[in-house]
S.K.: 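I have a structure here, written as structure tokens, and I will follow up with some questions on it.
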Amino acid sequence: MPDHEASGGSADEDSRLRIYLLPNLLTAGNLFCGFLALTRIVEADLTMPGFEAVIREALFFILLACIFDLLDGRVARFGGYESPFGQEFDSLADVVSFGVAPAFLVHRIVLADVFVNHPEIGWFIASMYLLCGAFRLARFNVMATYGGTGGGKEFIGFPIPAAAGVVASLTLFILWLEEKEFAKGWWRYVIPVILVFLSVMMVSQVRYPAF
């Protein structure tokens, strides 16, 4: 009996640690895009003309990370490749690509300018988004592991990839407005408000359908 229990425990542990190549390769692509986005944001010199092109590249990498995140989950489910390892790896990648990168981007491009006299407010709003996103991912993993509503037909709390997509799209829109020389100024106050709203919705108990 002890030998049987020991072997059963070992098999269960092996299943939890199983690593599937294709979905985890897609997750690695997600993480790599997040890293590239951060690299481009750091390299952007906001005092030089044409910096918008560098920021667009960073935004492109964030949106590309969203595509990788969408694909890795689909591949894992359709191929029967779901595993606890893949779930944790996916969340770690999401923290970088959809938490750190968008928060750093918005702080550098928008918040630092809007709250130039009170920079601590900009840092607070950016860090609030990051912390709420990390909380959202941790709660999702716990609920999925212990039988809560972590996935399936609905999500609890706004998904962080969707939040990052909203932030990246709005930043692109504001850059476009400035290029067209439309009335600006108050446009920059839209993103801080939306960032706070998304932060609250990510940690809320609101249920969203899983498409």
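Excluded from the calculations below are hydrogen atoms, water molecules and symmetry mates; all remaining heavy atoms, backbone and side chain alike, are included. Everything quoted here is computed from the prediction, not taken from an experiment. Positions are given from 1, in the same order as the sequence printed here.
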S.K.: Looking at every non-hydrogen atom in both residues, tell me the closest pair between M128 and V196 and how far apart they are.
M.R.: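 Residues M128 and V196, closest heavy atoms: CE-CG1, 4.2 Å.
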
S.K.: Under 3.5 Å, is there a donor on one side chain and an acceptor on the other for D72 and N24?
M.R.: no

S.K.: OG of S83 to CD of E88: how many Å apart, nearest 0.5 Å?
M.R.: 9.5 Å

S.K.: What I'd like to find out is whether the side chain of C66 reaches to under 4.5 Å of the side chain of F98, using heavy atoms alone.
M.R.: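 Yes; the side chains approach each other to less than 4.5 Å.
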
S.K.: Which heavy atom in R136 sits nearest to a heavy atom in M202, and how many Å separate them?
M.R.: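 Answer, listing the atom of R136 first, then M202: CD-O, 3.1 Å.
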
S.K.: If you group Ile, Leu, Val, Met, Phe, Trp and Tyr by side-chain heavy-atom gaps below 4.5 Å, do F60 and V54 land in one group?
M.R.: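 No: no chain of side-chain contacts under 4.5 Å links F60 to V54.
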
S.K.: Is there side-chain contact between I194 and L198, with at least one heavy-atom pair below 4.5 Å?
M.R.: yes

S.K.: Which value, rounded to the nearest 0.5 Å, describes the distance between C132 atom SG and L137 atom CG?
M.R.: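 The distance works out to 11.5 Å.
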
S.K.: Rounded to the nearest 0.5 Å, what separates atom CG in N30 from atom CD1 in I62?
M.R.: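 Between N30 CG and I62 CD1, I get 11.0 Å after rounding to 0.5 Å.
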
S.K.: What distance separates T27 OG1 from F89 CZ, expressed to the nearest 0.5 Å?
M.R.: 6.0 Å

S.K.: Could you note down all residue pairs passing ring pair (Phe, Tyr, Trp, His ring centres under 6.0 Å) where residues 110-134 supplies at least one of them, sequence neighbours left out?
M.R.: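 Found H107-W123.
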
S.K.: State, with a plain yes or no, whether a side-chain heavy atom of L92 is found less than 4.5 Å away from one of V96.
M.R.: no

S.K.: With a sphere of 6.0 Å drawn around CZ of F32, does it hold more than 12 non-hydrogen atoms of other residues, nucleotides or ligands?
M.R.: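 12 or below, so no.
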
S.K.: Would you indicate whether the side-chain heavy atoms of F61 and L36 approach each other to under 4.5 Å?
M.R.: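 Yes; the side chains approach each other to less than 4.5 Å.
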
S.K.: Determine whether a donor-acceptor pair (N or O, by modelled atom type, separation under 3.5 Å) exists between the side chain of R56 and the backbone of L172.
M.R.: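 A pair under 3.5 Å: no.
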
S.K.: Do F197 and F135 land in one hydrophobic cluster if side-chain heavy atoms of ILVMFWY residues count as linked below 4.5 Å?
M.R.: no

S.K.: For the residue pair L38 and A101, what are the closest heavy atoms and their distance?
M.R.: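 Taking every non-hydrogen atom into account, CD2-CA, 3.7 Å.
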
S.K.: Should V42 and L31 be regarded as members of a common hydrophobic cluster, given that ILVMFWY residues are connected when their side-chain heavy atoms come within less than 4.5 Å of each other, either directly or indirectly?
M.R.: yes

S.K.: Rounded to the nearest 0.5 Å, what's the gap from CD on E52 to CG on L59? Could you check?
M.R.: 11.5 Å

S.K.: What pair of heavy atoms forms the shortest contact from L130 to G99, and how long is it?
M.R.: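 Taking L130 first and G99 second, the nearest heavy atoms are CD1-C, 3.5 Å.
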
S.K.: Give me the atom names and distance for the closest heavy-atom approach of P192 to L111.
M.R.: CG-CD2, 3.4 Å

S.K.: With rounding to the nearest 0.5 Å, note down the distance linking CZ in R40 to CZ in F35.
M.R.: 11.5 Å

S.K.: Do the side chains of V95 and V203 join up, straight or via other hydrophobic residues, at under 4.5 Å, putting them in one cluster?
M.R.: no

S.K.: Closest approach of I55 and A44, non-hydrogen atoms and distance?
M.R.: CD1-CB, 3.7 Å

S.K.: Kindly write out the residues that satisfy ring pair (Phe, Tyr, Trp, His ring centres under 6.0 Å) with F158, not counting sequence neighbours, or none if the list is empty.
M.R.: Y208

S.K.: Taking V110 as the starting point, is it possible to reach I121 by hopping between hydrophobic residues whose side chains are less than 4.5 Å apart?
M.R.: yes

